[in-house]
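To keep things clear, I will list the structure first and then write my remarks on it.
Fair warning: this is a prediction, and the values are worked out from it, not measured in the lab. Just so it is clear, the values below take in all heavy atoms, side chains as well, and ignore hydrogens, waters and symmetry mates. Quick note on labels: first sequence line is chain A, next is B, and so on, each numbered from 1.
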Protein chains: 2
Amino acid sequence: MKINSLQIEIDGIDKEILRYLMEDARKPILQIAAKIGISGAAIHQRLRKLEQAGVIAGSKFIVNTKVLGYSTMAFVGIYLEKASSNFEAVKELRKIPEVLECHYTTGNWSILIKMICRDNEHLMQLLNKKIQPINGVSRTETFISLEQQIERQIQL
Amino acid sequence: MKINSLQIEIDGIDKEILRYLMEDARKPILQIAAKIGISGAAIHQRLRKLEQAGVIAGSKFIVNTKVLGYSTMAFVGIYLEKASSNFEAVKELRKIPEVLECHYTTGNWSILIKMICRDNEHLMQLLNKKIQPINGVSRTETFISLEQQIERQIQL
DNA sequence: CATGAAACCATTCTGCA
DNA sequence: TGCAGAATGGTTTCATG
């Protein structure tokens with residue numbers, strides 16, 4: 001592993017370890033060790049280095065939101081009156097738990113958010129009662145995801 | 001935990017367990033047990049049920065793409081000549097590793113994708129050489145995420 | 001990066017309420 | 001049906017080479 005000022009290079013073994021763990025964060029290290037032919041301790045050492053280098057941002061359990069009753073995913077482009085009100089708007093958006101992502105974007109809008117809702121009515125209520133009233137928001141454009149056809153992380 | 005035909009209800013203890021694991025998938029079950037005051041065995045039982053019910057979709061290691069040299073995230077809206085070419089287009093998009101999400105959306109475009117690139121030039125090359133040439137794609141609109149200000153899962 | 005020992009954790013089973 | 005306790009087998013960590 002080579003560390004430049006900003007970018008880190010990881011070797012093939014690191015990649016192989018990460019590939020397994022990106023698929024299943026709870027996979028036992030010893031099983032991975034057996035598959036790639038080095039000791040479990042060596043993998044732990046590499047993982048510690050990758051963590052220190054900031055390559056590993058953590059691990060997460062993924063919850064199936066559909067099963068919990070959230071069936072509508074939507075993207076909402078938000079126009080702001082002034083780009084300078086971005087900080088305030090994001091602060092408000094953060095308070096809405098259904099907002100999963102928020103991006104400050106180039107192009108038409110100032111902000112693009114991804115949100116998850118129980119149904120279309122829930123989405124409409126959030127738009128009307130939570131998002132549109134935010135100070136500085138002038139207009140929104142909504143795109144409902146009828147189907148998420150790809151969902152993955154970067155391939156190593 | 002109550003199981004309806006399609007939607008699952010999870011109680012406060014389930015939520016607490018999941019909250020810990022959504023934050024850190026490798027957190028030892030016994031540590032969680034100690035914090036919430038029930039036995040490790042009980043947590044295992046609950047996790048098994050949640051898994052059977054489909055609430056848990058898996059666990060993932062999260063890799064910091066910026067550290068690996070991917071500094072540009074972009075959303076691309078794709079217009080298709082015919083909506084019916086969606087399936088073929090998605091098949092091609094799946095072959096592009098930089099495409100992390102692909103949604104079939106209502107609104108202006110047929111498809112909205114999220115992709116990650118090394119830099120703006122890399123993004124441009126992917127657009128020109130990989131995405132625009134896909135059969136059925138008539139036009140694209142690109143939104144670069146200057147900053148991702150929110151990134152999280154649904155709150156339980 | 002490997003080894004081996006020690007500490008720790010996960011998992012399963014049994015009994016109890 | 002849900003939980004606790006105990007037992008065992010596996011995992012992680014640490015020291016050392």
Look at the side chain of A41(A) and decide which nucleotide, out of dT11(D), dC3(D), dC14(D), has an atom nearest to it. dC14(D)

Touch class at under 4.0 angstrom, heavy-atom based, for I32(A) against every strand present: nothing

Rounded interatomic separation in angstrom, taking NZ from K27(A) and C1' from dT12(D): 17 Å

Please report, rounded to the nearest Å, how far the P atom of dT11(D) is from the CZ atom of R26(B). 11 Å

Are there more than 12 heavy atoms of other residues, nucleotides or ligands under 6.0 Å from atom NZ of K27(B)? yes

Round to the nearest Å and state the distance from R46(A) atom CZ to dT13(D) atom P. 17 Å

Can you label the angle between the W109(A) ring and the Y79(A) ring as parallel, tilted or perpendicular, going by 30° and 60°? perpendicular

Test L18(A) against every option in I10(A), I32(A), I13(A) by the side-chain contact (heavy atoms from CB on, under 4.5 Å) rule and name the one that passes. I10(A)

With nearest nucleotides of DNA chain C determined for A42(A) and P28(B) from heavy-atom distances, which residue corresponds to the more 5′ nucleotide? A42(A)

Indicate whether any N or O donor in one side chain lies under 3.5 Å from an N or O acceptor in the other, for N86(A) and Q149(B). yes

What integer distance in Å separates R48(B):CZ from dG2(D):C1'? 12 Å

Going 5' to 3' on DNA chain C, which nucleotide is the first and which the last to come under 4.0 Å of a heavy atom in chain A? dC1(C) to dA10(C)

Taking atom P of dT13(D) as reference, at what distance in whole Å does atom CG of L30(A) sit? 11 Å

So, applying side-chain contact (heavy atoms from CB on, under 4.5 Å) with I78(A), which one of I111(A), N108(A), L112(A) is it? I111(A)

For K129(A), all residues meeting side-chain hydrogen bond (donor to acceptor under 3.5 Å, both in side chains), sequence neighbours excluded: none

From NE2 of H44(B) across to P of dA6(D) the rounded distance in Å is 17 Å

Measure CD1/I43(A) against C1'/dC14(D) and give the value in whole Å, please. 17 Å

Whole Å only: how far is the CD1 atom of I29(B) from the P atom of dC3(D)? 14 Å

